Amino acid sequence: MAELRIGLIGAGGMGRAHVERIENELAGGRISAVADLNVDAARTVAEPLGARVFTSGRELIESDDVDAVLIATFGKVHKPDVIRCIEAGKYVLCEKPLATTIADCEAILAAEQKMGKKLVTVGFMRRFDAGYQQMKQVLKAGEHGYATLVHNRHRNPSVPENYTSRNAIDDTAIHEIDTMRWLLDEEITSVRVDRPRLTSNRYEHLVDPIVLVMYTESGVRIDDEVNVNIDFGYSIECELVMEKGTARLGDQEQIFIRDRAGNRNAICSSHIDRFHAAFNREVGQWINAVKADRHTGSTAWDGYAATVVVEAALESASKAAETGGGPLVDVQMIDKPELYK
Ligand code: ISE
């Protein structure tokens with residue numbers, strides 16, 4: 001296959017960022033079709049590329065011009081398109097979350113098992129970030145012993161008014177949920193959501209910040225500060241504590257600025273910039289793998305597992321007192337199917 005013909009479903013910000021990298025930064029693939037309910041948005045992306053325009057994911061997936069599919073719509077509408085891709089035997093890279101309910105994730109797992117082939121990759125791009133990858137290597141090397149604690153900070157400059165308290169968990173903290181499962185190579189077994197004093201810098205309806213506290217099978221304690229109206233920038237930090245050492249991933253340092261405000265590193269303002277290299281690695285590897293008829297990246301099982309932890313965290317959050325914490329809720333997963341072992 002000379003070039004992988006990729007159909008994009010969802011012509012919003014994330015979809016357009018993927019088009020930009022596929023067309024201008026990565027080799028091996030091109031956008032052959034774009035679908036969006038908003039046909040003008042689809043046309044704006046597709047026309048300069050000579051790509052076809054569809055108003056539904058179904059038509060795009062069925063099209064002979066599409067070898068593989070990239071889904072960048074909202075999580076709650078992912079399920080039918082992901083299942084159609086599986087049934088059509090087409091590889092699909094689906095942005096996170098795989099789906100927003102456990103039932104939808106289970107339906108995807110069932111469809112994939114019926115096909116007997118892993119076709120779904122979930123867009124958990126942090127697995128491709130150089131810093132997180134180094135951290136995983138340090139832990140695996142074993143020189144510092146095993147992990148006991150991990151501290152995470154997930155800070156966004158602001159979020160729009162339609163972002164809900166649920167999104168703080170199912171759209172934002174889901175990144176740490178996945179990254180921690182991958183980093184520690186074990187499942188999260190319980191989760192609690194703490195609710196500190198809220199920032200005044202938020203829409204009234206939003207509970208912000210929150211802290212997730214999670215425990216893994218071996219007892220590692222993970223905390224995750226989710227703080228999405230921090231104003232100053234997009235800031236992701238992670239500190240892994242092992243028995244005899246720590247590994248710390250700070251803010252990505254970009255250029256160094258010296259001006260009236262002092263000496264400082266520039267700080268980016270969005271995940272699209274902060275994880276640019278990781279997104280490129282993720283999509284580049286996916287293109288190469290699909291061309292070789294191989295699966296790459298996180299699986300539908302990883303998407304399912306993250307959503308089960310999200311549901312448990314939402315339950316804890318719903319029971320949290322105004323100031324204080326919700327109860328520790330057990331994470332109950334089905335047994336891992338053979339296909340994902
Ligand atoms: C957004 O959807 C993302 O995926 C970003 O990585 C995250 O930082 C942000 O909070 C989410 O809303």
Side-chain angles (χ1 to χ4, degrees), residues 8-18 20-21 70-78 93-100 121-132 151-183 193 198-199 201-203 205-212 222-238 249-252 254 267-283 286 297-298 302-303 306-307 309-310 313-314 317:
L8 169 73
I9 305 178
M14 197 65 244
R16 290 198 304 270
H18 284 317
E20 172 63 27
R21 79 183 86 256
L70 208 167
I71 298 182
T73 46
F74 295 115
K76 60 178 176 218
V77 300
H78 285 171
L93 172 53
C94 178
E95 267 307 328
K96 44 64 58 175
L98 175 60
T100 51
T121 297
V122 184
F124 286 126
M125 78 297 193
R126 290 199 193 177
R127 293 175 176 225
F128 296 86
D129 179 74
Y132 280 115
H151 308 295
N152 294 277
R153 301 193 180 95
H154 189 153
R155 295 167 175 160
N156 291 192
S158 63
V159 284
E161 194 166 3
N162 64 3
Y163 179 101
T164 63
S165 299
R166 182 186 170 99
N167 295 150
I169 296 171
D170 78 357
D171 196 54
T172 297
I174 195 168
H175 281 295
E176 281 76 27
I177 292 171
D178 178 69
T179 310
M180 294 300 102
R181 292 182 57 250
W182 165 83
L183 175 73
V193 175
L198 303 186
T199 171
N201 189 32
R202 68 184 218 285
Y203 290 105
H205 64 80
L206 186 64
V207 179
D208 180 45
I210 55 169
V211 180
L212 276 74
I222 302 161
D223 52 73
D224 184 19
E225 172 195 317
V226 175
N227 203 342
V228 295
N229 289 286
I230 200 74
D231 185 62
F232 65 81
Y234 186 82
S235 170
I236 302 297
E237 293 174 78
C238 179
L249 172 74
D251 280 336
Q252 174 179 272
Q254 297 181 332
I267 186 156
C268 60
S269 61
S270 87
H271 61 288
I272 292 180
D273 294 338
R274 165 65 181 84
F275 289 107
H276 182 84
F279 276 122
N280 277 6
R281 228 171 274 135
E282 172 191 49
V283 178
W286 178 72
S298 54
D302 295 314
T307 297
V309 179
V310 161
L314 286 167

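Counting starts at 1 for both ligands and their atoms, following the listed order. Computed from a prediction, not measured in an experiment: that's the story for all the values here. Residue indices begin at 1 and follow the sequence shown.
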*Asks:* Which atoms of ligand 1 have any heavy atom of Asn156 under 4.0 Å away?
*Replies:* 7 (C), 8 (O), 9 (C), 10 (O)
*Asks:* Assess Lys96 for proximity to ligand 1: is some non-hydrogen atom of it under 4.0 Å away?
*Replies:* yes
*Asks:* Output the list of atoms in ligand 1 that are nearer than 4.0 Å to some heavy atom of Asp171, sorted by atom number.
*Replies:* 1 (C), 2 (O), 11 (C), 12 (O)
*Asks:* Taking the inter-plane angle between the rings of Phe275 and Tyr132 on a 0 to 90° scale, is it parallel (under 30°), tilted (30 to 60°) or perpendicular (over 60°)?
*Replies:* parallel
*Asks:* Show the nearest heavy-atom pair for residues His205 and Thr164, with the distance to one decimal.
*Replies:* CE1-CA, 4.3 Å
*Asks:* Is there a donor in the side chain of Arg21 and an acceptor in the side chain of Asn280, or the other way round, less than 3.5 Å apart?
*Replies:* yes
*Asks:* Quick one: which of Arg155, Arg153, Arg126 gives a side-chain contact (heavy atoms from CB on, under 4.5 Å) with Ile236?
*Replies:* Arg126
*Asks:* Among Ile210, Asp224, Val226, Val309, exactly one meets side-chain contact (heavy atoms from CB on, under 4.5 Å) together with Ile169. Which residue is that?
*Replies:* Ile210
*Asks:* Nearest non-hydrogen atom to atom 4 (O) of ligand 1 belongs to which of His271, His154, His175?
*Replies:* His175
*Asks:* Only heavy atoms of Tyr234, strictly under 4.0 Å: list the atoms of ligand 1 that pass.
*Replies:* 5 (C), 6 (O), 7 (C), 8 (O)
